[in-house]
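What follows is one structure encoded as structure tokens, with my remarks underneath.
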Amino acid sequence: MDEANAFIRERLKKLEELSRDGIDPYPSTFPITHLAGDLTGRYATADEAALAAAGPVTLGGRVLSLRGHGKASFAHLKDQTGKIQIYVRQDVVGESAYHLFRRVDVGDFLGVQGRLFRTKTGELTIQVEHLTLLAKSLRPLPDKWHGLSDVEVRYRQRYVDLIANPTVAELFRRRAHVIAEIRRFFDARGFLEVETPMMHPIPGGAAARPFVTHHNALDLSLYLRIAPELHLKRCVVGGLERVYEINRNFRNEGLSTQHNPEFTMLEFYQAYADYQDLMALTEELLPQVVRTVCGSDTITYQGRQISFAPPWPRLSLEEALVKLGGLRPQEVRTEAGLRTAAEASGVAVKPTWGWGKLLVELFEARVEEQLVQPTFVTDFPAELSPLAKARTDDPRYAQRFELYVAGLEVANAYTELNDPREQRRRLEAQAKARAAGDEEAHCMDEDFLRALEYGLPPTAGEGIGIDRLVMLLTDSPSIRDVILFPLLRPEVRGPETTDNDQ
RNA sequence: GACCCGGUAGCUCAACUGGCAGAGUACCGGCCUUUUAAGCCGGGUGUUCUGGGUUCGACUCCCAGCCGGGUCACCA
């Protein structure tokens, strides 16, 4: 603890005084009968008679503000549901309780019992009859007027951010609402929610670098999962024909406003469906979530109106490059044309890149940010989609789409490759690339292949980045704003504070 | 990893071209029984991110580092 801080010293002094007076500053429980938000909602317009009939109320909360008037005081208490004003008079609570109240600071938790009334200015208020200190706070809260705006402190000490900035708590409620609504959607359609391993002996299901960890008893290297895909498909092999999972993936990559090393992903798999079916399903899912959570299917993201009303445009990668990327049709048809266009667009082209990689890189450079309204982009190169089924009419392309909203990739889906022979060839090619130094190429996974050999029905699967979806629905410019505790470098603390620092 | 921007009181921010580090709020003491950014009187509580350097003198200029933000790179 930062003992040099005068604010903390002051509060420690009060804490000792309270203990000396026989007051437990950290009691264990406090049975409440009411919540602040319920009271202010239910009695918003109630008259005095109705308030008197309401009877006594008991609630707990954090002291957010204090206005002392000598032998009487006003304060606001905040609980999870909202805040409510309390009025403490010495002639009502008694001298010793009032003496205790005088040593209460902004930030302390207080339990009160009393009766509702309305002040001269019309605010619903609790006339306190009994008060109990529930927890003493030792650190001062941020400025009551300007709040907390230091981004670093907001991320590092999210607990302070949550106290000081009500919109932050609201944002995380909305995040929970989004996830609850997604569960409702899939549960209603016969999908089973499953939990597959987050520690994988063989990382797989995506092109990404994993985090490595180690199990001591088994003396086994393990990887934090980069995707649940391969296990979810194993579930479908086993007859769980509709499954979904909402949980964390971990990718050992750089950080940005769109990437946190651990992020929450929804993945779902539906047997007897293909990627076209999933486009239709996605056009149901997202509008339902957006309408329920935001109250409308149109949202504003960073100043731009975005409508989730279906249907959404569908563009192949090549069409997108021509229509939006300003390329000529003949340029996108050949590898040489793509390479020239990519170089002209300032892409750092590597000589090893083939047709497919050039196509996707050009798309990212010239088109991605223009896809503001929800747009399905289809016809990804099969060579970059080793787990997806190729199109039967042109095997250069995968049966795959990505969904873009506000320039963000929000979803990625494909018809699953279920031919074990073809999957083996693809994984062998990946393993070869990996051996040649491509750290993001897929690993060989014999058990996954064995599962496919038992037979995977025709299946389509999709992943939706929950953090990015929540960014859109909360108008947040950075993924860190929608993750309670985003990854930061460890805090370096001053030498005088390190000895108590666990 | 590269580049740009930032770091001053618990919080929000000032401090001219290098010249005594300052406001609001919070906090402390006093007064105050319907206030609500309560009010009135008094009080500045600081490793100016860290470490060097230049200078008579550094919050300010230079170098190195730390942390954060952004852009790019990497990457879905």
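Sequence lines set the chain letters: A, B, ... in the order given, protein chains first and strands last, and positions in each chain run from 1.
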*Could you state the atom-to-atom distance from CG of A:Asp150 to C1' of B:G69 in whole Å?*
10 Å
*Can you tell me how far C1' of B:C32 sits from OH of A:Tyr87, to the nearest Å?*
12 Å
Looking at [N], I'd like to know if its phosphate oxygens (OP1 or OP2) sit under 4.0 Å from a side-chain N or O belonging to [X].
X        : N     : answer
A:Arg251 : B:C75 : no
A:Lys13  : B:C28 : no
A:Ser256 : B:C72 : no

*Excluding sequence neighbours, so at least two apart, what forms side chain to side chain donor-acceptor pair (under 3.5 Å) with A:Asp91?*
A:Arg89
*Cationic tip of A:Arg158 within the cone over A:Phe485's six-membered ring, i.e. under 6.0 Å and within 45° of the normal?*
no
*Can you list every pair that meets ring-ring contact (aromatic ring centres under 6.0 Å, His included) and has a residue in residues 355-375 of chain A, with sequence neighbours left out?*
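Matches after skipping sequence neighbours: A:Trp355-A:Tyr397, A:Phe363-A:Tyr404.
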*Which pairs count as ring-ring contact (aromatic ring centres under 6.0 Å, His included) when at least one residue sits in residues 49-80 of chain A, sequence neighbours excluded?*
A:His69-A:Phe74, A:Phe74-A:Tyr87
*Distance between the P atoms of B:U71 and B:C16, in whole angstroms?*
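Their P atoms lie roughly 31 Å apart.
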Is there any protein nitrogen or oxygen under 3.5 Å from a nitrogen or oxygen in nucleotides 21-25 of chain B, and what are the pairs?
{"from": "B:G24", "atom 1": "N2", "to": "A:Asp143", "atom 2": "OD2", "distance (Å)": "2.7"}
{"from": "B:U25", "atom 1": "O2'", "to": "A:Asp143", "atom 2": "OD2", "distance (Å)": "3.3"}

*Would you please name every residue forming a salt bridge (charged side-chain N to carboxylate O under 4.0 Å, His left out) with A:Glu245, sequence neighbours left out?*
A:Arg225
*Go through the N and O atoms of the side chain of A:Ser149 and the base of B:U12, and report whether any donor-acceptor pair is under 3.5 Å.*
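Counting by modelled atom types and ignoring angles, no donor-acceptor contact under 3.5 Å is found here.
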*On a plain distance test, is the side chain of A:Gln85 in donor-acceptor contact with the base of B:U35 below 3.5 Å?*
yes
*Kindly state which residues belonging to residues 62-73 of chain A come within less than 4.0 angstrom of RNA chain B, counting heavy atoms of the residue only, listed by number.*
A:Arg67, A:Gly68, A:His69, A:Gly70, A:Lys71, A:Ala72
*G-U wobble or Watson-Crick pairing nucleotide for B:A26 (cut-off 3.5 Å, both distances)*: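 Matched B:A26 with B:U45 under the 3.5 Å cut-off.
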